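Encoded as structure tokens, the structure appears first; notes follow it.
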Amino acid sequence: MSEQQPKKSDLSRAFSEDGTKKTHIGGQALIEGIMMRGKLNWAVAVRTPDGGIYVEEHDLASGKQKNGWMYWPLVRGCRALVESLVLGFKALEIAALHAFGDEEGEEEALAQAQTVEVQEELDAAGAVALSEEKRFDWKRDFGNPDTMVDGLGAQRTLEVVQGPEGVASKDVPEGAEAAAKAAPGEGDAAPCKVREVAADEPEAEFGHREMVFSMVFGVVLGVVLFIVAPAVITNLLVGEYDGNPVVWNVVDGILRVAVFVFYLWLIGRMEDIRRMFMYHGAEHKTIHCHEHGLPLTVENARSFPRLHVRCGTAFLIMVMIIAILVYTIFPLNSLIGAWGVPEGLPKLALVILVRILLMPAIAGISYEITVRWAGSHPDNPLVKVVLWPGMQMQYLTTNEPDDRQLECAIAAMERVLARERSAA
């Protein structure tokens with residue numbers, strides 16, 4: 001009897017079982033869906049409330065031949081970062097519209113049905129109570145003339161007949177006659193609320209203004225959390241930047257990574273984000289399946305690890321590590337001395353501004369290391385060392401997906417592959 005082999009971790013499998021067919025296709029997890037991006041187009045697959053899969057695809061401007069300069073070294077890293085940000089927001093908008101598009105209508109219909117049901121119960125109970133109240137009882141109502149007359153069925157009003165012009169109605173309390181005319185008669189259909197929609201009324205969707213606001217807010221929040229806040233805290237702990245730039249940059253970098261890890265851990269506690277991380281795992285498994293040359297089926301994709309060496313999480317961690325080196329090498333002290341920047345807030349503001357301006361260069365360098373070099377040589381021992389921090393972070397940003405999530409990832413992948421096959 002052969003001894004059972006120990007089960008490998010997803011980290012070990014991601015390095016050792018990387019497919020020989022390297023692909024440029026990447027993806028992003030969404031709200032109840034996945035976006036896959038190729039060279040020519042990007043596609044979104046969203047699980048709809050009725051259980052189906054909605055698929056939508058769009059062309060990539062960067063995939064056109066006239067934009068070849070976007071793929072120059074260093075430039076392509078900046079392009080990938082900006083493009084990922086823009087496409088990510090567009091894909092999230094599509095996912096939000098179709099993952100929950102019908103829920104509001106269903107909830108409103110359910111609420112209306114419940115309201116009608118409750119109202120019918122109240123009306124029935126009120127009618128019974130009114131009937132009980134109007135029923136004549138000798139012990140209770142004897143001595144009350146009005147109740148006795150009603151209980152005995154006697155006529156309380158005098159019907160006056162007019163001349164040839166017509167017959168007057170019985171005495172009715174003020175306002176009751178209009179209500180009686182407005183009320184449906186016996187056998188009439190129950191009144192319903194009708195909403196007329198104008199022909200030119202736009203569909204309910206996120207507008208361009210909302211998307212721009214969300215994007216700007218996300219960028220500002222990222223700058224505050226991962227650049228401004230660590231710099232301010234470092235300045236309080238270490239002192240002025242020009243006192244000891246190396247220590248300042250190392251402490252600032254450690255704080256930046258700590259904030260990033262804590263942020264991922266915190267949002268991962270939310271149920272919606274936890275499901276999004278499951279779709280992230282489905283994306284990785286589907287790409288693994290394609291890179292191994294297997295048919296894109298749920299059974300095949302399920303067998304692969306949820307971690308991947310070319311994941312964007314590893315890229316972000318590499319950005320933070322490279323940032324420490326770039327900020328340390330950059331001659332910021334020379335600028336401070338040449339410009340005579342005063343101590344305190346002006347100097348700190350210059351440090352933060354330089355960090356923001358250097359981000360495109362840092363992104364370009366990180367892209368070349370993480371995506372172009374490390375992604376093409378996963379078996380290299382040095383690559384495993386370089387990618388190890390980012391691979392560990394994927395344990396926070398990915399979860400094991402279910403079959404329905406794998407189906408979404410496969411649907412988006414197939415749309416991208418179909419476009420590239422037709423172009424070829």
Side-chain angles (χ1 to χ4, degrees), residues 8-19 21-30 33-38 42 76-77 79-81 83-85 87-88 91-92 222 226 257 260-261 263-265 267-268 273-292 301-322 362-380 382-401 405-406 408-410 412-413 416:
K8 291 184 178 180
S9 66
D10 277 357
L11 177 61
S12 175
R13 294 185 61 196
F15 281 120
S16 61
E17 301 177 16
D18 192 57
K21 182 182 178 181
K22 302 298 182 293
T23 180
H24 54 272
I25 298 176
Q28 177 181 327
L30 308 171
I34 285 178
M35 182 265 286
M36 290 287 188
R37 181 183 65 195
W42 57 281
R76 57 193 174 192
R79 186 266 313 166
L81 184 62
E83 187 177 70
S84 297
L85 182 63
L87 295 186
L92 283 171
F226 305 120
V257 173
F260 182 62
V261 173
Y263 172 78
L264 290 178
W265 175 84
I267 65 173
I273 302 300
R274 187 186 68 81
R275 287 190 56 80
M276 186 180 293
F277 288 168
M278 292 173 70
Y279 278 101
H280 192 189
E283 173 218 329
H284 286 179
K285 286 174 176 283
T286 303
I287 292 177
H288 272 301
C289 185
H290 173 65
E291 290 176 333
H292 280 76
R302 191 192 304 119
S303 64
F304 290 99
R306 74 177 199 262
L307 274 59
H308 200 287
V309 294
R310 285 174 291 281
C311 175
T313 305
F315 172 72
L316 292 176
I317 290 295
M318 182 58 63
V319 165
M320 296 185 179
I321 296 175
I322 296 297
I362 295 171
I365 297 172
S366 302
Y367 182 86
E368 298 300 321
I369 295 176
T370 306
V371 179
R372 307 298 297 189
W373 173 68
S376 302
H377 304 83
D379 296 330
N380 190 315
L382 183 57
V383 168
K384 296 181 179 180
V385 174
V386 171
L387 294 183
W388 187 87
M391 298 296 290
Q392 293 294 326
M393 290 300 301
Q394 291 184 46
Y395 282 110
L396 289 178
T397 62
T398 62
N399 290 321
E400 280 294 330
Q405 293 162 340
L406 288 170
C408 280
I410 292 172
M413 172 70 86
V416 172

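Basis for what follows: all heavy atoms, side chains included, without hydrogens, waters or symmetry-related copies. What you see is a predicted model; the values in this text were computed from it and never measured.
- Note that OG1 of T313 is 7.0 Å distant from CG of L264, once rounded to the nearest 0.5 Å.
- The minimum heavy-atom distance between A282 and A409, with the atom names listed, is O-CB, 3.7 Å.
- Ring planes of F226 and Y263: perpendicular class, angle over 60° (limits at 30 and 60°).
- Interatomic distance, OG1 of T397 versus CD1 of I273, reported as 12.0 Å (0.5 Å rounding).
- In this structure H24 satisfies the ring pair (Phe, Tyr, Trp, His ring centres under 6.0 Å) test with no other residue, sequence neighbours excluded.
- Counting heavy atoms from C-beta outward, K8 and S16 have side chains that approach closer than 4.5 Å.
- Taking CE of M393 as the start and CG of L316 as the end, the distance is 9.0 Å to the nearest 0.5 Å.
- For E400 and R302, the salt-bridge test fails: no basic side-chain N is under 4.0 Å from an acidic carboxylate O.
- In this structure the side chain of F277 never reaches within 4.5 angstrom of the side chain of L396, judged on heavy atoms.
- Between H292 and F304, the two ring planes are tilted [angle within 30° to 60°].
- Scanning for side-chain hydrogen bond (donor to acceptor under 3.5 Å, both in side chains) contacts around H290 gives an empty result, with sequence neighbours left out.
- Side-chain polar atoms of H308 and E291 form a donor-acceptor pair below 3.5 angstrom.
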